[in-house]
Protein chains: 2
Amino acid sequence: MAKTGGRAARSTAAPALGPLDFALDRGSPVPLYHQLAQQLEAAIERGVLAPGNLLGNEVDLSVRLGLSRPTVRQAIQSLVDKGLLVRRRGVGTQVVHSQVRRPLELSSLYDDLEAAGQGPATEVVRNELVPASCDVAAALGVPEGGEVTVLDRLRRTHGRPVALLRNYLPASLPAFDTTRLEATGLYRMLRSAGITLHSARQTVGARAATAQEASRLDEQQGAALLTMQRTAYDDTGSPVEYGTHIYRASLYTFDFQLLVRP
Amino acid sequence: MAKTGGRAARSTAAPALGPLDFALDRGSPVPLYHQLAQQLEAAIERGVLAPGNLLGNEVDLSVRLGLSRPTVRQAIQSLVDKGLLVRRRGVGTQVVHSQVRRPLELSSLYDDLEAAGQGPATEVVRNELVPASCDVAAALGVPEGGEVTVLDRLRRTHGRPVALLRNYLPASLPAFDTTRLEATGLYRMLRSAGITLHSARQTVGARAATAQEASRLDEQQGAALLTMQRTAYDDTGSPVEYGTHIYRASLYTFDFQLLVRP
DNA sequence: TAGTGGTCTAGACCACAAT
DNA sequence: TTGTGGTCTAGACCACTAA
């Protein structure tokens, strides 16, 4: 097939927006649109692409890169979805004005996913099978009184206790090795167990600390605590985890970025 | 290979997934992929599409609907992004297992956007120009001491105070009419002023109520409060609003769904 | 009017999963 | 081996924005 046949003709001495050099590898298993998106994002991050007009129209770009327009669009769209670019019909595609731009995954789900490995960050204080209470049964979709794994962890940063994490998991999952859990983190273990997270539902609130909670968290009784409940689901919609977390409000906040969908 | 070459042969009395009837209007200004997405979503919502295998392959679907495959894919992809569908290569596209499915916009930004109009939900208690303090100036990107609009509102539900909302806005915006603000809501007024929100950054925390806050919110001093700070940006990345909100933890929680991006 | 993104088409080959 | 989604192409016409 001569598909790529006429491509050699695209010589044209360095068009107006020459400074951008993208190296696309057609042999790579990573999709072209993804390669382009990554390199665009890197260019934006490095400030090579200033927050002004740019990315001269999609058609030119596709010709310059030797890609089809839909492919270029797909790359651009992924960055628009990330909030890095804005498209205006009849105007062009612009880099969004710097400011806060780190994508920032959501709240403590991210913590559980990434804040692992480094030192004795979280200590497992309980890891056993118990009968499911009413609310746990409802959240996990198991019969009330059926066995579930309960996991209590104490999380510290800089040596100070920050959070009490209680998680319930279906007993159908393989048992969790405590030491490995402390080194790896809950979500990474779920992942290596072949469970791919799909979505989660969270509720964030606040209340005063009980005497017991206060002593465990090194706070005064009645101190303000941040509370978070979460149910996480896998691809098929089956619940894989129900958690009730408590954070010291004096040391911890949830912060996240959100995009307004058109 | 004659792949679907025998396409005409695929007459087969009412194929397995016959019950779906989609009415696409090519004359409508609403894009075909969007029409299809809406009708698919409606079918899922109504339970016509059970959480199992379905949506027989994209190629057949496109033929049945008289659309090209990319168009069908675009429709499906939008529902995947919403968390309603899951695609598996070599398997097919499935409806995600019911459970929690309402998309649910994020936290109180949604409140501000939608919880408007109905009754005296929020009362404007302050609406004036003041010099920007350090943190306000930083958040809004204006010089310290420059004029900004400060807006204090008291929000009630069922007659009980729920939140104290303080917002700062650039003085460059047109003045906000207090009565209209109470009837319409802040974000709707911004929108009608031609400002399209793009993204926001939020921090959620907790602390004990001061005596003054307690009296305004009908709480005890020291009661747990939920706090939220937010900076919202428009398309161009310019800050359009900085808010410091306080909620009664006994009456209010943030709850939201989040999708795990692959 | 000219230029931009928005939508749509009709194909193609590939990678992966199930059989 | 078969069927699925994943990627990619090379065009086309339209709607909106700006000059």
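When reading the values below, keep in mind they use all heavy atoms of this one structure, side chains included, and skip hydrogens, waters and symmetry mates. Below, read A as the first sequence line, B as the second, and so on, with proteins coming before strands; counting in each chain starts at 1.
If you take CG of Leu67(B) and P of dC8(C), they are 8 Å apart, rounded to a whole angstrom. Atom CD in Gln77(A) sits about 17 Å away from atom C1' in dT7(D), given to the nearest Å. Per the geometry, CD belonging to Gln94(B) stands 10 Å off P belonging to dG5(D), to the nearest Å. Atoms CG (Leu36(B)) and P (dC8(C)) sit 10 Å apart, rounded to a whole Å. Rounded to an integer number of Å, the gap from Arg26(B) CZ to dC14(D) P is 13 Å. Computed from coordinates, the Asp60(A) CG to dA2(C) C1' distance equals 14 Å when rounded to whole Å. The interatomic distance linking Leu61(A) (CG) with dG3(C) (P) rounds to 17 Å, in whole Å. Rounded to an integer number of Å, the gap from Asn57(B) CG to dG6(D) C1' is 14 Å.
Separating the CE atom in Met228(B) from the CZ atom in Phe254(A) is a distance of 14.5 Å, to the nearest 0.5 Å.
The Leu32(B) side chain lies nearest to dT9(C) when the options are dT9(C), dT4(D), dG5(C). In the set dA10(C), dT7(D), dG5(D), the nucleotide with an atom closest to the side chain of Tyr33(A) is dT7(D).
A 4.5 Å side-chain heavy-atom check between Tyr168(B) and Leu140(B) finds at least one atom pair inside the cut-off. Side-chain contact between Asp234(A) and Leu197(A): absent, with no pair of heavy atoms (C-beta onward) separated by less than 4.5 Å.
The list of side-chain hydrogen bond (donor to acceptor under 3.5 Å, both in side chains) pairs with a residue in residues 69-80 of chain B, not counting sequence neighbours, reads Glu58(B)-Arg69(B), Glu58(B)-Arg73(B), Ser68(B)-Thr71(B), Gln77(B)-Asp81(B), Gln77(B)-Arg87(B).
Heavy-atom distances under 4.0 Å link DNA chain C to Arg69(B), Pro70(B), Thr71(B) of residues 69-76 of chain B, given in residue order.
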Test side-chain hydrogen bond (donor to acceptor under 3.5 Å, both in side chains) applied to Gln229(B) and Tyr242(B), step by step: CA-CA 7 Å; Gln229(B) 296 175 63; Tyr242(B) 171 64; 3.1 Å; yes

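Two rings, from Phe256(A) and Phe256(B), have their centers less than 6.0 Å apart.
The side chain to side chain donor-acceptor pair (under 3.5 Å) test applied to Thr178(B) returns Asn127(B), not counting sequence neighbours. Listed by chain and residue number, Leu129(B), Ala171(B) satisfy the side-chain contact (heavy atoms from CB on, under 4.5 Å) test with Glu147(B) (two or more places apart in sequence, or in another chain). In this structure Ala137(B) satisfies the side-chain contact (heavy atoms from CB on, under 4.5 Å) test together with Ala132(B), Val142(B), Glu144(B), sequence neighbours excluded.
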Find every protein N or O atom lying less than 3.5 Å from an N or O atom of nucleotides 15-19 of chain C, and list the pairs.
{"from": "dA15(C)", "atom 1": "O4'", "to": "Arg89(B)", "atom 2": "NH1", "distance (Å)": "3.2"}

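The phosphate of dA15(D) (OP1 or OP2) has no side-chain N or O of Arg87(A) nearer than 4.0 angstrom. Proximity of Thr93(B) to the phosphate of dT4(D): no side-chain N or O atom is located under 4.0 Å from OP1 or OP2.
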